[in-house]
Participant: 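Provided herewith is a single structure, encoded as structure tokens, for subsequent inquiry.
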Amino acid sequence: MQPEVEIRFTLNGRPVRTHVPPTMAVLEMVRERFALTGSKLACGEGECGACAVLLDGEPVLGCLTPAVDVDGRVLVTVEGLRHKADLAPLQKAFLMEGAVQCGFCTPGMLVAATALLAEHPHPSREQVRRGLEGNLCRCTGYVAIVEAVEDAGKR
Amino acid sequence: MTLIGARIPKLDGPGKATGETRYLSDLEVPGMLHGVIRRSDRVHARIVSVDVSKALEVSGVHAVLTARDIVNVPFGHGKDNTPLKGDRVRCIRDEIAAVAAETESAAAEACRAIRVEYEDLPPVFTVEDALKPGAPEIHAGRAGNLPFTYDYAHGDVAQGEADSAHVVEGEFVLQFMTHCCMGTSAILAAFDSEGRLTLTSLTQVPFLYRRDMAAIVGMSPEDIRVIQPPIGGAFGSKLDIYPFEPIAVHLARATRRPVRIVFSRHEEFVSSPTRQPMRVRLRSGCDGKGRLTFRDAQLWLDNGGYTSWGATTPFVMMQTFSSLYRVPHARFHTKVAYTNNPYSGSFRGYGNLQATFAVESQLDLLAEKVGVDPLELRLMNSQETGEKTGQGLEFVSCGLRDCLESAAEMSGWRAKRASPALKGNVRRGVGMASMLHVGGGAKIYRSDGCGSVVSIDDFGKVTLVTGSTDIGQGSETVLAQMVAEVLGVAMDRVKVINSDTDVKPWDVGVHASRTSYVAGNSALLAANEAKAKLLTAAADLYELPKGELSLSGGFIMRGAEKVDALDKLVRTLHFTGKGELLVTHSYFEPASVKQDAGFFGNVSPTYAFGTHAVEVEVELDTGQVRVLAVSAAHDVGKVLNAMSLEGQIEGGVVMGLGYSLTEELKIREGKVLNPSFRDYHLLTAPEVPPIHFKAIETEDPSGPFGAKGVGEAPAICVAAAVANAVHHATGVRFTELPLTPERVLNGLIAAGVVRDPLA
Ligand code: FES
Ligand code: FES
């Protein structure tokens, strides 16, 4: 067993510190060390996007990114997307457009869409569709999700 | 009506959009151990020995169980499966041992350390081989590997043939497809100090589950409580009990600790049920004008190594062969054969995707023979409200004709059909297909009912305790809407409790598109009774004529005048006089019947209809099929929640497109070749075409506010419409799915449409 490594970073706006084995992934760390279970493990192989988190504002796959990589950086999970007590406009759009069914893909979708909107505040439908390419959803057929992201971009 | 038909966001949406909702894989309880299963790596073999000694040495391991350590009770529809396999494995999923340990990785390490010695047995991989005389017997005592056959007929097929001017005949081959729920299979089993068992389970049928589980693990059903947490998709996959579930119970019993099992994605691909694969041989006929004369279907189903609900899909399929359009004479024969392949369960549509693919493909072939537009042929044969089919299905409301016309109109059918567009190497075409499915459950048990309790507390908050189950489809929101509508309160004044068998009244479960209809009618009964109680009480209290009172905006109203606030009236009832609580309950039993031995009878109180028209583009030199648009019209009875309805339609259409174009769980010699998202191609957002949808409101006389169920409908008639469109575009008829570029290119080459680039 390799020794654990100390890492310090900003998690959803708060400075935090923890020890992780070098093999641990970000997803496991946020779920097990910080009880942030919003990010989901749906494949563990980088194929579905359910584990997506924002690292310095960029979307990364929590299941593949080593936890040690977040040392000194800013990590945001789905739990960090809301604006204080209120939901973010994107989250509201997801609810208002019916973009949530079983909800298992939703955290990853929200993270991917947040990154997309940061880059293209008013994305076209095509940009949204391509921006969500790495996120699988079995329930919605993506239609309402794409509409919600477009809608959030119009606000 | 104010709430019915509105776009109402899901009640459970906020928790899901913030990441706060806890799915089973997010739940940890004190003392919990992790269960992992050691599965077979042979498809058909005798187990010579299982050595667990090394597994027991792994640190953190609490128990290692094999078949020798438990009472291994046979279970399932064929009573041919057991939690752990003792002497023989029959398919790649087979559970040989299970470990409970403090961490998942320790349990997995221990599983790997188990040594299994096998002696291979001759395998059987196709139905044809399984049914050959002298084929290896997969289950001792099940002669001929033939556990089930189904026979149905109405009319006289010979007469139908004699009446036919045109007959078409062909074979259709349908693939394994897997659910790909984003949340994998999981269970948490925990005994309390009195020996009662709590199962936190993803089941879709909690009450049947409790009963069946009790038999498997040797308990009495009353000692089992089923808690249903939010779940990451189901689509039929959780309609049966699978071995991992009793295994978790045995591990919890052996360790006296709560045990949770959560499948890895790989395990989910390899070891969860699939859509039933099959071969369908169909003959269809019509007269000179195009009126259908008969259908004669023979089906061969690959049952895999054990029996789950996939083996019972003929029950649904025969309805499509007998009753989708007017069919004067029909015959249906099915053989279900054991093989050493994975076994199938129930999957949204329950065989109907397969049956509809065959039936609707042949309708186009008949139209071509007669020389009429496929739309005309379908309109000519479509039923009307009030008709009863040869199988005894009673269409108390039927919007099939409207569905056909609307889908055609939305797709620009007439213009596009007249001239398939050509653009160099790219051909365009349109095709359509319809579907018939139960719209209010299916009476396959003694009761197909659902219980409800409505209570209004001292603060005017309404609680609906419903027997029904929500699997993410949004039923809880729709039920709350109905109750809010009746009681004249806002949506946020209604809470729905539906996840604990210790609390909720009985229900069959979520399947057969029954929840809106059956649980809806049940909730309405209880809500209406609560309303009557309130109005009677107000009439007595204020000495007003009851007939002039109504409920609206949280008040008892007389015309536009407020008589009393709802909460105040409830408090008055509670704290003065008789001390009455505002609690009502109901049980709704749909007016359907259990079919007789010949499968005749009105199995559902109402039926759903739908038509999809699909436009495709086919690239001739690559075989790539691109769907440009889907126009879907569905007879939904009445729109209850426009947003959740659209969500069901869109999700179902895209699932159907996956079945048509990309999805296949590839099985070779019993093994799964593509157990990952990378190799099992689910459609992604950029691949989804525009979906146009029109709801046809036939206002079903028996449905809640006129509604019928549509949960399964939108997935059903996609594949046939796609294949019909590809035929329109290229002139080539495809009878196997999915329509991958490779398959299509080969088909185009074989038909001489394009030249073989390698030739
Ligand atoms: S869980 Fe990370 S991509 Fe699927
Ligand atoms: S909402 Fe269920 S997977 Fe997307």
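Convention: sequence-line order gives letters A, B, ...; per-chain numbering from 1.
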Participant: Given heavy-atom pairs under 4.5 angstrom as the criterion, report whether the side chain, backbone, both or neither of L81(A) touches chain B.
Facilitator: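 For L81(A), there is no contact with chain B at all, as no heavy atom is under 4.5 Å.
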Participant: Flag the one option from K92(A), R125(A), M109(A), E97(A) with the top tally of heavy-atom pairs under 4.5 Å to chain B.
Facilitator: E97(A)
Participant: Ion pair present between E20(B) and R82(A), side-chain N to carboxylate O less than 4.0 angstrom?
Facilitator: yes
Participant: Can you tell which part of F235(B) gets under 4.5 Å to a heavy atom of chain A, answering side chain, backbone, both or neither?
Facilitator: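 Just the side chain, heavy atoms under 4.5 Å.
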Participant: Side chain, backbone, both or neither: which part of H179(B) has a non-hydrogen atom closer than 4.5 Å to chain A?
Facilitator: backbone
Participant: Does any backbone or side-chain atom of V653(B) lie under 4.5 Å from a heavy atom of chain A? Answer side chain, backbone, both or neither.
Facilitator: neither
Participant: For H612(B) together with H692(B), are the ring centres under 6.0 Å from each other?
Facilitator: no
Participant: Under 4.5 Å from any heavy atom of chain A, what part of P690(B) do you find: side chain, backbone, both or neither?
Facilitator: neither
Participant: Between E6(A) and R8(A), does at least one N-O distance fall below 4.0 Å, as a salt bridge requires?
Facilitator: yes
Participant: Checking Y142(A) against chain B: side chain, backbone, both or neither under 4.5 Å from a heavy atom?
Facilitator: side chain
Participant: Using heavy-atom distances under 4.5 Å, tell me whether S644(B) contacts chain A through its side chain, its backbone, both, or neither.
Facilitator: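 Contact with chain A is absent: no heavy atom of S644(B) under 4.5 Å.
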Participant: Say whether N498(B) and Q228(B), considering side chains only, have a donor N or O and an acceptor N or O under 3.5 Å apart.
Facilitator: no
Participant: Does a side-chain N-to-carboxylate-O contact under 4.0 Å join R348(B) and E712(B)?
Facilitator: no
Participant: Pick whichever of P107(A), C102(A), A35(A), G141(A) has the most heavy-atom pairs under 4.5 Å with chain B.
Facilitator: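 It is C102(A).
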Participant: In terms of heavy-atom contacts, does CZ of R155(A) have more than 12 from other residues, nucleotides or ligands at under 6.0 Å?
Facilitator: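 Result for CZ/R155(A): enclosed.
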Participant: Under 4.0 Å between a side-chain nitrogen and a carboxylate oxygen: does that hold for E126(A) and R129(A)?
Facilitator: yes
Participant: What part of M182(B) lies closer than 4.5 angstrom to a heavy atom of chain A: side chain, backbone, both or neither?
Facilitator: both
Participant: Just by distance, with hydrogens left out, do N12(A) and T77(A) show a side-chain donor and acceptor under 3.5 Å apart?
Facilitator: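 Judged by distance alone, the side chains do pair up.
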Participant: Examine whether an atom of I691(B) lies under 4.5 Å from a heavy atom of chain A, and if so say whether it belongs to the side chain, the backbone or both; otherwise answer neither.
Facilitator: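 Contact with chain A is through the side chain of I691(B) alone.
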Participant: Pick whichever of E650(B), E646(B), E687(B), E28(B) has the most heavy-atom pairs under 4.5 Å with chain A.
Facilitator: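 Maximum pair count with chain A is reached by E650(B).
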Participant: Does any heavy atom of chain B fall under 4.5 Å from the side chain of L136(A), the backbone, both, or neither of them?
Facilitator: both
Participant: Kindly write out the residues that satisfy side-chain contact (heavy atoms from CB on, under 4.5 Å) with H120(A), not counting sequence neighbours, or none if the list is empty.
Facilitator: L116(A), P123(A), Q127(A)
Participant: Among the options M655(B), E268(B), R265(B), pick out the one with the most heavy-atom pairs lying under 4.5 Å from chain A.
Facilitator: R265(B)
Participant: At a 4.5 Å cut-off on heavy atoms, which part of Q648(B) comes close to chain A: side chain, backbone, both, or neither?
Facilitator: both
Participant: Any salt bridge between E663(B) and R138(A), counting N to O under 4.0 Å?
Facilitator: yes
Participant: Using non-hydrogen atoms and a 4.5 Å limit, figure out which bit of T21(B) sits close to chain A: side chain, backbone, both or neither.
Facilitator: backbone
